[in-house]
Amino acid sequence: MAEDMKTLEENFRQQNKSCFILGASGETGRMLLQELLERNIFSKITLIGRRQLTFEGKEYEKLVQEVVDFEKLDDSAAAFQGHDVGYCCLGTTRAKAGAEGFVRVDHDYVLKSAELAKTGGCTHYHLLSSRGADKTSNFLYLKVKGQVEADIEALGFDKYAIYRPGVLLVDRQESRPGEWLTRKFFGAFSSVCSTSMAIPIEAVAKAMVSNTLIQPEQKMEILENKNIASLGKSAGK
């Protein structure tokens with residue numbers, strides 16, 4: 001499988017495509033960026049965010065960064081033009097932003113960005129969502145995640161992939177004690193047996209990149225935690 005993936009990478013690389021990443025300042029977004037740089041399948045990578053990010057290393061020198069105001073995204077429509085593939089890892093929490101702030105970021109910002117990307121010529125869109133996302137859920141978090149999934153599907157991308165990982169296993173830069181305990185529990189649990197509840201962010205990033213290279217049977221696909229873990233292993237790294 002690893003050899004097949006290398007062939008797919010080389011074939012994709014020759015197409016001279018470009019991409020953008022939303023949410024590259026977050027843990028999964030940063031890991032996704034690192035994976036894209038290591039596998040070098042795009043001729044151009046653009047980071048779209050609310051602030052300029054600082055990186056160390058020559059591998060980051062070719063990055064393009066577009067700073068936008070998410071409250072006035074129409075003013076930054078040009079930042080979303082000319083990309084073949086879009087990755088969205090944008091998101092916050094209700095605890096951090098409040099209920100209204102969470103909806104604004106995880107639905108409004110995400111959907112508006114997808115709309116601008118579609119108008120700007122993007123044909124493939126990859127959305128990091130959550131396990132249990134359901135627009136009919138009684139839980140705000142899962143309802144919002146499910147609703148934005150459906151709203152982006154309605155835009156009609158040629159390829160639309162939704163990733164629904166479980167608990168993301170990562171040592172966050174910011175302190176969230178409750179999440180830390182949860183990650184420690186699932187980290188220990190997954191070390192002795194497989195679980196559909198948790199996954200390392202490295203596996204999510206690898207899966208998103210590997211799936212970029214694969215032609216889907218349908219325009220829209222949903223990858224649950226086990227599917228993400230399996231595809232993440234296909235990178236052979």
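Hydrogens, waters and symmetry mates are skipped; everything else that's a heavy atom, side chains included, is used.
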Peer 1: Are Arg13 and Glu10 close enough for a salt bridge, meaning some N to O gap below 4.0 Å?
Peer 2: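 Between Glu10 and Arg13 there is a salt bridge, with a charged N closer than 4.0 Å to a carboxylate O.
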Peer 1: How about His83 and Thr46: do any of their side-chain heavy atoms sit closer than 4.5 Å?
Peer 2: yes
Peer 1: With distance as the sole criterion, is a donor-acceptor pair present between the side chains of Glu71 and Tyr109 under 3.5 Å?
Peer 2: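 Their side chains do contain a donor-acceptor pair, which is all the 3.5 Å distance test asks for.
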Peer 1: So, taking the atom named CG in Leu37 and the one named CG in Leu63, what distance separates them when rounded to the nearest 0.5 Å?
Peer 2: 5.5 Å
Peer 1: Side-chain contact test, heavy atoms from C-beta onward, threshold under 4.5 Å: evaluate it for Thr28 versus Leu128 and give yes or no.
Peer 2: yes
Peer 1: Is there a continuous path of hydrophobic side-chain contacts, each under 4.5 Å between heavy atoms, that joins Leu168 to Ile21?
Peer 2: yes
Peer 1: Using the ring centroid of each side chain, check whether Phe20 and Tyr87 are separated by less than 6.0 Å.
Peer 2: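 No, too far apart.
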Peer 1: Does the side chain of Asn211 pick up a donor-acceptor pair with the side chain of Tyr163 at under 3.5 Å?
Peer 2: yes
Peer 1: Leu223, Leu32: one ILVMFWY side-chain cluster at the under-4.5 Å cut-off?
Peer 2: yes
Peer 1: Please answer whether the main-chain N or O of Ser18 pairs with a side-chain N or O of Asp84 as donor and acceptor at a distance below 3.5 Å.
Peer 2: yes
Peer 1: Rounded to the nearest 0.5 Å, what separates atom CZ in Phe80 from atom SG in Cys122?
Peer 2: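 It comes to 10.5 Å.
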Peer 1: Taking the basic N atoms (NZ, or NE/NH1/NH2) and the acidic carboxylate oxygens, is any pair closer than 4.0 Å for Arg39 and Glu35?
Peer 2: yes
Peer 1: Quick check: do Phe55 and Leu47 have side-chain heavy atoms less than 4.5 Å from each other?
Peer 2: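 Side-chain contact under 4.5 Å: yes.
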Peer 1: So Thr123 and Lys159, do their side chains get closer than 4.5 Å, heavy atoms only?
Peer 2: no
Peer 1: Carefully, step by step, assess Ile45 and Val64 under the rule side chain to side chain contact (heavy atoms under 4.5 Å, CB included).
Peer 2: CA-CA 6 Å; Ile45 299 176; Val64 176; over 6 Å; no
Peer 1: Got a donor-acceptor contact below 3.5 angstrom from the Asn225 side chain to the Arg131 backbone?
Peer 2: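 A pair under 3.5 Å: no.
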Peer 1: For Asn11 and Gln15, does a side-chain donor sit closer than 3.5 Å to a side-chain acceptor?
Peer 2: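 No, no side-chain donor-acceptor contact under 3.5 Å.
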Peer 1: Can you name the closest pair of heavy atoms from Ala207 and Ile228 and give their distance?
Peer 2: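 Taking Ala207 first and Ile228 second, the nearest heavy atoms are CB-O, 3.4 Å.
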Peer 1: Is Phe70 close to Val110 at the side-chain level, that is, under 4.5 Å between some pair of heavy atoms?
Peer 2: no
Peer 1: Between atom NZ of Lys62 and atom CG of Asn40, what is the distance when rounded to the nearest 0.5 Å?
Peer 2: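 Going from the NZ atom of Lys62 to the CG atom of Asn40 covers 7.5 Å.
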Peer 1: Is there a side-chain contact between Tyr141 and Arg94 (heavy atoms, below 4.5 Å)?
Peer 2: no
Peer 1: Taking all atoms of both residues into account, what is the closest heavy-atom pair of Gly101 and Thr92, and its distance?
Peer 2: O-CG2, 4.3 Å
Peer 1: What pair of heavy atoms forms the shortest contact from Ala133 to Gly146, and how long is it?
Peer 2: CB-N, 3.8 Å
Peer 1: Examine Leu111 and Val103 and state if one hydrophobic cluster contains both, with Ile, Leu, Val, Met, Phe, Trp and Tyr joined whenever side-chain heavy atoms are less than 4.5 Å apart.
Peer 2: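 Different hydrophobic clusters.
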Peer 1: Would you mind reporting whether Asp69 and Ser76 have side-chain heavy atoms less than 4.5 Å apart?
Peer 2: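 No - every pair of side-chain heavy atoms lies 4.5 Å or more apart.
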Peer 1: Quick one: do Lys145 and Asp134 make a salt bridge, cutoff under 4.0 Å?
Peer 2: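 Result for this pair is no, no salt bridge flagged.
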Peer 1: What's the spacing between Asp108 CG and Asp151 CG if we round to 0.5 Å?
Peer 2: 9.5 Å
Peer 1: Quick check on Gln52: does its CD atom have over 12 non-hydrogen neighbours (other residues, nucleotides or ligands) under 6.0 Å away?
Peer 2: yes
Peer 1: Would you please test Ser130 and Arg164 for side chain to side chain contact (heavy atoms under 4.5 Å, CB included) and show each step?
Peer 2: CA-CA 4 Å; Ser130 172; Arg164 293 179 176 173; 5.9 Å; no
Peer 1: So which atom in Pro165 and which in Ser129 form the shortest heavy-atom distance, rounded to 0.1 Å?
Peer 2: CD-O, 3.8 Å
Peer 1: So with a 6.0 Å cut-off around CD of Glu100, is the heavy-atom count from everything else above 12?
Peer 2: no
Peer 1: Using 0.5 Å steps for rounding, measure from the NE2 atom of His107 to the CD atom of Glu149.
Peer 2: 11.0 Å
Peer 1: Could you please spell out the steps behind the side chain to side chain contact (heavy atoms under 4.5 Å, CB included) verdict for Phe42 and Thr212?
Peer 2: CA-CA 11 Å; Phe42 288 102; Thr212 302; 4.0 Å; yes
Peer 1: Please say yes or no: joined through hydrophobic side-chain contacts below 4.5 Å, possibly via intermediate residues, are Leu142 and Val105 part of one cluster?
Peer 2: no
Peer 1: Looking only at heavy atoms, which two atoms of Leu36 and Cys19 are closest? And how far apart?
Peer 2: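 Where Leu36 meets Cys19 most closely, the heavy atoms are CD1-SG, 4.2 Å.
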Peer 1: Evaluate the side-chain proximity of Cys88 to Tyr125: yes if any heavy-atom separation is below 4.5 Å, no if none is.
Peer 2: yes
Peer 1: Are Leu90 and Val209 co-members of a hydrophobic cluster defined by side-chain heavy atoms under 4.5 Å apart?
Peer 2: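 Each belongs to a different hydrophobic cluster.
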Peer 1: Does the side chain to side chain contact (heavy atoms under 4.5 Å, CB included) test come out yes or no for Ser25 and Arg51, once each step is laid out?
Peer 2: CA-CA 9 Å; Ser25 62; Arg51 59 185 174 86; 3.9 Å; yes
Peer 1: Quick one: pull up CG in Leu22 and CZ in Arg50 and give me the separation to the nearest 0.5 Å.
Peer 2: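 If I round to the nearest 0.5 Å, the distance is 13.0 Å.
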Peer 1: Any sub-3.5 Å donor-acceptor pair from Glu153's side-chain atoms to Met220's backbone N or O?
Peer 2: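 No; judged by distance alone, with no hydrogens or angles, the pair does not exist.
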Peer 1: Okay, side chain of Ser210, backbone of Lys206: is any donor-acceptor separation there less than 3.5 Å?
Peer 2: yes
